[in-house]
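Step one of this worksheet: look at the structure below.
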Amino acid sequence: MSEQKVNITLPDGTVKEYKKGISSYEIAISISEGLARNVLAAKVNGEVWDASRPIQNDSNVQLLTWNDDQGKSTFWHSSAHLMAEALEALYPGIKFGIGPPVETGFYYDVDFGSQVFNAEDLEKVEQKMLELSRQKNAFIREEVSKADAISYFEKKGDEYKLELLADLEDGSISFYKQGNFTDLCKGPHIPDTGFIKAAKLMNIAGAYWRGDETRKQLTRLYGVTFPKKKELDEYLTLLEEAKKRDHRKLGKELELFTFSEKVGQGLPLWLPRGTELREKLTNFLKKAQQKAGYVSVMTPHIGSKSLYVTSGHYEKYGEDSFKPIRTPNENEEFLLKPMNCPHHCEIYKFKPRSYKDLPLRLAEFGTVYRYEQSGELHGLTRVRGFTQDDAHIFCRPDQVKEEFKKVIDLVLYVFESLGFDDFITQISLRDPENKQKYIGDDEAWDKAETAIIEATREKGLKTKTELGEAAFYGPKLDFMVKDALKRSWQLGTIQVDYNLPKRFDLEYVGSDNQKHRPVMIHRAPFGSMERFVAILLENTEGKFPLWLSPVQYIILPISEKYAEYANKVNEELMVKDFTGNVDHRDEKIGRKIRDAELSKIPYMFIVGEKESESGSVSIRKQGEGDLGTFELKDLFAYMQNELEKSLKSVR
RNA sequence: GCCGACGUAGCUCAGGGGUAGAGCGCUUCCUUGGUAAGGAAGAGGUCAUGGGUUCAAUUCCCAUCGUUGGCUCCA
């Protein structure tokens with residue numbers, strides 16, 4: 001009687017025959033021993049499996065190594081178990097919550113009970129992990145009945161695992177065991193702990209059990225592990241590099257913005273250079289908006305409470321925002337403006353609108369104030385007072401999709417111009433399970449959601465969709481960009497809104513001479529000036545393109561004898577709308593160059609005896625060095641050309 | 001808001017129960033120099049704030065404020 005066989009299809013399309021019950025590890029060996037040593041897990045018919053799990057049917061098999069994202073996350077998931085084993089060995093009796101892999105590394109939530117654990121103890125755990133990994137203990141999968149699982153964790157007294165078990169179905173429960181540690185886990189895992197050669201526990205933090213702030217806070221330990229020591233070192237170096245790009249550090253060094261305890265937390269103060277940068281960004285967008293048919297408006301920083309009662313913001317956020325301001329005599333209530341849209345609705349109502357007037361695109365760089373929880377404030381990315389590059393497009397229902405597409409074009413233009421080529425677009429819809437979180441009727445929501453989905457599809461945007469992430473008045477399309485530490489931040493946003501026009505009773509007269517309701521599109525390509533500058537800083541490391549640079553050049557006189565000539569050159573550059581200054585300090589030229597390089601000023605013009613006599617400057621470009629001597633008229637032409645190139649090159 | 005860490009000169013940081021240090025920056029003087037740090041002298045700190053313990057607190061404890069890593073939240 002012949003053995004039963006299975007056909008295994010590999011990713012390159014080759015089909016091989018193996019005996020039934022073969023594991024992906026054995027398949028790897030049949031290909032090459034070297035490969036087998038690196039196999040962490042395998043994707044069998046689209047599902048990630050342990051490399052040791054027997055394959056009983058014809059299957060598509062993809063071997064996963066460190067080079068595959070799913071290989072990495074399996075590796076880190078197993079590392080979480082290893083960390084738990086180490087912790088249990090060092091702190092007997094502790095209880096465990098969940099321990100998943102994350103984008104870089106893994107964490108485990110732990111209840112240390114009465115034992116104390118602090119950051120200094122992390123190293124001890126690292127050492128223990130490495131000690132245990134050297135034992136090369138296999139990760140062993142075991143199917144268990146629900147009753148057995150419950151009794152195991154009851155005996156152990158781990159109420160967290162018991163709670164997790166309560167949600168699981170009998171027959172689908174598995175344990176994984178390595179060394180002396182057993183955990184409830186559906187897997188998969190790497191073959192054994194010996195693969196983990198380097199471990200670094202990054203930090204500890206509080207985390208609510210199941211993310212619920214009414215429940216107990218556990219200690220979350222974050223770590224990262226690697227199959228090679230060298231890779232850990234490289235990763236740590238990368239973190240050091242990221243620190244250099246931190247916008248909070250660069251903002252201070254380049255004198256762009258600051259915070260003051262006295263002014264209040266989350267309230268940025270823009271220094272002259274930062275203001276210059278912001279104005280350049282603002283003018284850039286204003287110009288683009290002008291071309292796209294927007295008109296500018298301005299509205300005050302506070303608004304009567306009734307404005308926000310009408311818009312629904314008060315009901316939705318009143319409790320969690322800055323309290324109303326009252327007039328001393330009449331006791332009238334005003335709110336700091338949290339959004340510009342209610343004001344813009346009132347501008348729309350200034351006069352009757354005809355269908356011929358639409359779309360009406362009202363733009364405002366409007367400063368808004370929101371009470372953000374103190375723990376959430378972060379540099380310029382999360383503040384309490386910020387300026388949105390806001391606009392509201394009031395249009396007819398038949399114009400929504402077209403207008404939405406135009407806004408996508410504008411956002412893409414802005415992102416391209418600033419070199420943000422690595423971004424994610426996310427469609428945020430409402431949570432169908434939790435409709436009371438939102439205002440408006442189903443019909444309006446369906447229309448708005450359909451408009452976004454169709455517009456993004458027609459623009460060919462690759463999007464991911466999240467349920468429950470919509471604004472309370474409408475669905476949105478967000479553009480997310482990463483900072484130096486690869487954290488995603490929402491920058492640009494476009495939202496379709498059928499609700500506010502209704503709440504504000506906005507109308508226009510159609511060609512049929514009947515009254516109709518316009519649709520609103522909220523949009524902000526930068527999102528907020530503050531957050532945008534932050535992400536721009538992290539992406540450019542403070543080396544802005546010439547057109548954006550707050551200080552575009554610095555003139556460096558060789559000695560004070562040439563100060564007058566330097567001033568003359570400076571004045572001529574200022575006349576030509578460049579921004580820069582002269583370094584009049586009593587320092588040698590080498591020193592002035594070094595300081596200019598470090599402050600990331602794009603161009604240095606050196607003037608000494610030679611230059612002042614011949615009416616020229618010696619140009620030095622940041623990061624590149626000496627470019628030679630240019631006569632003044634050539635300098636202006638050169639700078640003009642560089643300026644255009646800097647706009648174009650990023651376009 | 002919650003948990004943890006941190007708060008010393010303008011900046012970056014060292015120190016530590018007996019009222020403070022470095023480097024850079026700043027001021028003054030010398031130097032007038034040619035493509036990444038010229039030299040010297042000097043000023044500058046209620047050691048975040050308020051309590052407590054102690055003969056004595058910047059140091060130890062508590063609270064507040066701020067920063068920070070997470071959690072929750074995010075119009």
Side-chain angles (χ1 to χ4, degrees), chain A residues 102 107 109 116-120 122 202-222 246 248-249 252-253 255 258-266 308 311-318 320-321 337-342 368-379 381-384 388 390 438-439 469-474 476 485 489-490 493 495 497 500 522 524 556-563 585-598 604-611 618-629:
Chain A
V102 290
Y107 66 81
D109 286 343
V116 285
F117 185 88
N118 52 43
E120 290 89 75
L122 289 173
M202 307 304 292
N203 51 37
I204 79 180
Y208 300 112
W209 170 233
R210 307 203 116 175
D212 182 344
E213 62 182 312
T214 63
R215 308 203 57 185
K216 184 161 178 171
Q217 195 159 36
L218 307 178
T219 305
R220 177 169 296 180
L221 278 72
Y222 282 89
D246 188 322
R248 294 167 299 189
K249 179 177 146 75
K252 203 182 280 180
E253 281 173 4
E255 298 194 0
T258 187
F259 290 88
S260 150
E261 219 174 289
K262 207 145 198 166
V263 170
Q265 59 177 179
Y308 304 103
S311 70
H313 288 100
Y314 189 78
E315 188 193 352
K316 182 79 186 162
Y317 292 101
D320 308 310
S321 70
K337 130 168 122 175
M339 283 199 94
N340 302 300
C341 34
V368 297
Y369 301 90
R370 296 178 186 174
Y371 176 78
E372 303 288 0
Q373 294 185 39
S374 61
E376 195 45 56
L377 301 170
H378 178 91
T381 51
R382 198 73 192 274
V383 287
R384 285 179 171 169
Q388 295 180 310
D390 210 358
Y438 310 92
I439 58 170
E469 294 292 312
F472 75 91
Y473 50 74
K476 55 184 186 162
L485 281 169
W489 293 91
Q490 179 205 310
T493 180
Q495 308 168 358
D497 181 0
L500 285 190
H522 308 239
L556 311 179
I558 296 286
S559 84
E560 89 194 26
K561 284 189 218 158
Y562 314 107
R585 291 177 306 163
D586 180 13
E587 292 291 350
K588 287 192 175 178
I589 193 65
R591 178 50 183 276
K592 291 183 183 180
I593 288 171
R594 179 182 153 83
D595 290 345
E597 287 280 350
L598 293 176
M604 286 161 249
F605 306 135
I606 297 167
V607 297
E609 187 180 3
K610 215 169 54 187
E611 291 82 2
S618 167
I619 303 183
R620 196 189 150 99
K621 196 168 173 179
Q622 204 270 349
E624 289 183 26
D626 194 2
L627 298 182
T629 307

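This is a predicted model, so every value here is computed, not measured. Computation of the quantities below employed the complete heavy-atom set of this structure, encompassing side-chain atoms and omitting hydrogens, waters and symmetry-equivalent molecules. So you know, we letter chains A, B, ... as the sequences are listed, proteins then strands, and number each from 1.
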### Message
Once side-chain hydrogen bond (donor to acceptor under 3.5 Å, both in side chains) is applied, do any residues pair with A/Gln490, and if so which ones, sequence neighbours excluded?
### Response
none
### Query
Which value, in whole Å, describes the distance between the P atoms of nucleotides B/U46 and B/G10?
8 Å
### Query
Looking for any heavy atom pair under 4.0 Å, which part of the strands does A/Gln217 touch: base, sugar-phosphate only, or nothing?
base
### Query
In whole Å, what separates the C1' atom of B/A9 from that of B/C24?
12 Å
### Task
Would you please name every residue forming a side-chain hydrogen bond (donor to acceptor under 3.5 Å, both in side chains) with A/Gln217, sequence neighbours left out?
none
### Task
With the side chain of A/Ile204 defined as its heavy atoms from C-beta on, choose the nearest nucleotide among B/U32, B/G4, B/G1.
B/G4
### Task
Report, as a single string ordered 5' to 3', how protein heavy atoms within less than 4.0 Å touch nucleotides 35-43 of chain B: B base, S sugar-phosphate only, - not at all.
BBBB-----
### Message
From OH of A/Tyr371 over to C1' of B/C74, roughly how many Å is that when rounded to an integer?
### Response
13 Å
### Message
Applying side chain to side chain contact (heavy atoms under 4.5 Å, CB included) to A/Gln495 and A/Tyr473, what does each step give before you reach the verdict?
### Response
CA-CA 9 Å; A/Gln495 308 168 358; A/Tyr473 50 74; 2.5 Å; yes
### Query
How would you list, by chain and number, every residue that makes a side-chain contact (heavy atoms from CB on, under 4.5 Å) with A/Asp390, sequence neighbours excluded?
A/Asn340, A/Gln388, A/His392
#### Entry: Spacing of A/Gln265 atom CD relative to B/G7 atom C1', expressed in whole Å
15 Å
### Message
Any non-hydrogen side-chain atom of A/Leu500 less than 4.5 Å from a side-chain atom of A/His522?
### Response
yes
### Query
Excluding sequence neighbours, so at least two apart, what forms side-chain hydrogen bond (donor to acceptor under 3.5 Å, both in side chains) with A/Thr214?
A/Asp212
### Query
Starting at CZ of A/Arg384 and ending at C1' of B/C65, how long is that distance when rounded to a whole Å?
12 Å
### Task
Can you tell me, in whole Å, how much space there is between the C1' of B/G52 and that of B/G17?
15 Å
### Message
Under a 3.5 Å distance rule, please check whether A/Lys592 uses its side chain to pair with a backbone N or O of A/Pro557 as donor and acceptor.
### Response
yes
### Message
Both A/Gly264 and A/Cys341 contact RNA chain B. Taking the nearest nucleotide for each, which residue is further toward the 5' end?
### Response
A/Gly264
### Task
Flag the pair A/Ser559 / A/Glu609 as yes when at least one side-chain heavy-atom distance between them is below 4.5 Å, and no otherwise.
no
#### Entry: With A/Val102 via side-chain contact (heavy atoms from CB on, under 4.5 Å) - residues at least two apart
A/Tyr107
### Rounded distance (Å) that lies between atom P of B/C74 and atom CD of A/Gln490
12 Å
### Task
Using the P atoms only, state how far B/G33 lies from B/G38, rounded to an integer number of Å.
15 Å
### Message
Between B/A14 and B/G1, how far apart are the two C1' atoms, rounded to whole Å?
### Response
35 Å
#### Entry: Whichever of A/Gln388 and A/Phe259 has its nearest RNA chain B nucleotide further upstream toward 5'
A/Phe259
### Message
How many whole angstroms separate atom CZ of A/Arg370 from atom C1' of B/A75?
### Response
5 Å
#### Entry: Phosphate OP1/OP2 of B/G69: any A/Arg248 side-chain N/O under 4.0 Å
yes
### Summary
With sequence neighbours left out, the residues meeting side-chain hydrogen bond (donor to acceptor under 3.5 Å, both in side chains) with A/Arg594 are none
### Message
Between P on B/C73 and CG on A/Asp320, what's the gap in Å once rounded to a whole number?
### Response
12 Å
### Message
Need one value for A/Tyr107: base, sugar-phosphate or nothing, where a base atom within 4.0 Å counts as base even if backbone is also close, heavy atoms only.
### Response
nothing
### Task
Any chance you could encode RNA chain B as dot-bracket? Rule is Watson-Crick or G-U wobble with both distances under 3.5 Å; [ ] for pairs crossing earlier ones, | for another strand.
(((((((..((((....[..)))).(((((.......))))).....(((((..]....))))))))))))....
### Message
Heavy atoms only, 4.0 Å cut-off, all strands: where does A/His378 land among base, sugar-phosphate and nothing?
### Response
sugar-phosphate
### Query
Are the ring of A/Tyr317 and the base ring of B/A75 both nearer than 5.5 Å at their centres and tilted by less than 30°?
yes
### Message
Is it the case that the base of B/G34 and the side chain of A/Tyr562 share a donor-acceptor contact (distance under 3.5 Å, atom types as modelled)?
### Response
no
### Message
Just the rounded figure in Å: distance from C1' of B/U32 to CG of A/Leu556.
### Response
15 Å
Enumerate all atom pairs, one protein N or O and one N or O from nucleotides 9-11 of chain B, separated by less than 3.5 Å.
none

### Query
Under the side chain to side chain contact (heavy atoms under 4.5 Å, CB included) criterion, do A/Met339 and A/Tyr308 qualify, and how do the steps go?
CA-CA 9 Å; A/Met339 283 199 94; A/Tyr308 304 103; 5.7 Å; no
### Query
At under 4.0 Å between heavy atoms, what does A/Gly211 touch on the DNA or RNA strands: base, sugar-phosphate, or nothing?
sugar-phosphate
#### Entry: Nucleotide nearest A/Glu609 (side chain, heavy atoms from C-beta), chosen from B/G1, B/A75, B/G34
B/G34
### Task
Go through the steps to decide whether A/Tyr369 and A/Arg384 satisfy the test side chain to side chain contact (heavy atoms under 4.5 Å, CB included), and finish with yes or no.
CA-CA 5 Å; A/Tyr369 301 90; A/Arg384 285 179 171 169; over 6 Å; no
#### Entry: Stepwise side chain to side chain contact (heavy atoms under 4.5 Å, CB included) test for A/Ile204 and A/Tyr222
CA-CA 6 Å; A/Ile204 79 180; A/Tyr222 282 89; over 6 Å; no
### Message
With a sphere of 6.0 Å drawn around CD of A/Glu315, does it hold more than 12 non-hydrogen atoms of other residues, nucleotides or ligands?
### Response
no
### Task
Return the nearest nucleotide to the side chain of A/Lys561; candidates are B/G34, B/U32, B/G66.
B/U32
### Query
Rounded to whole angstroms, how far apart are CZ on A/Arg585 and C1' on B/G33?
14 Å
### Query
How does each nucleotide of nucleotides 45-51 of chain B score, in 5' to 3' order, for protein heavy atoms under 4.0 Å: base (B), sugar-phosphate only (S), or none (-)?
-------
### Query
Who passes side-chain contact (heavy atoms from CB on, under 4.5 Å) against A/Lys621, sequence neighbours left out?
A/Tyr603, A/Glu624, A/Leu627, A/Tyr638, A/Glu642
### Those residues that, when tested against A/Ile558, pass side-chain contact (heavy atoms from CB on, under 4.5 Å) (two or more places apart)
A/Tyr562, A/Ile589, A/Ile606
### Task
Ignoring hydrogens and angles, answer whether the base of B/C74 and the side-chain atoms of A/Arg382 contain a donor-acceptor pair closer than 3.5 Å.
yes
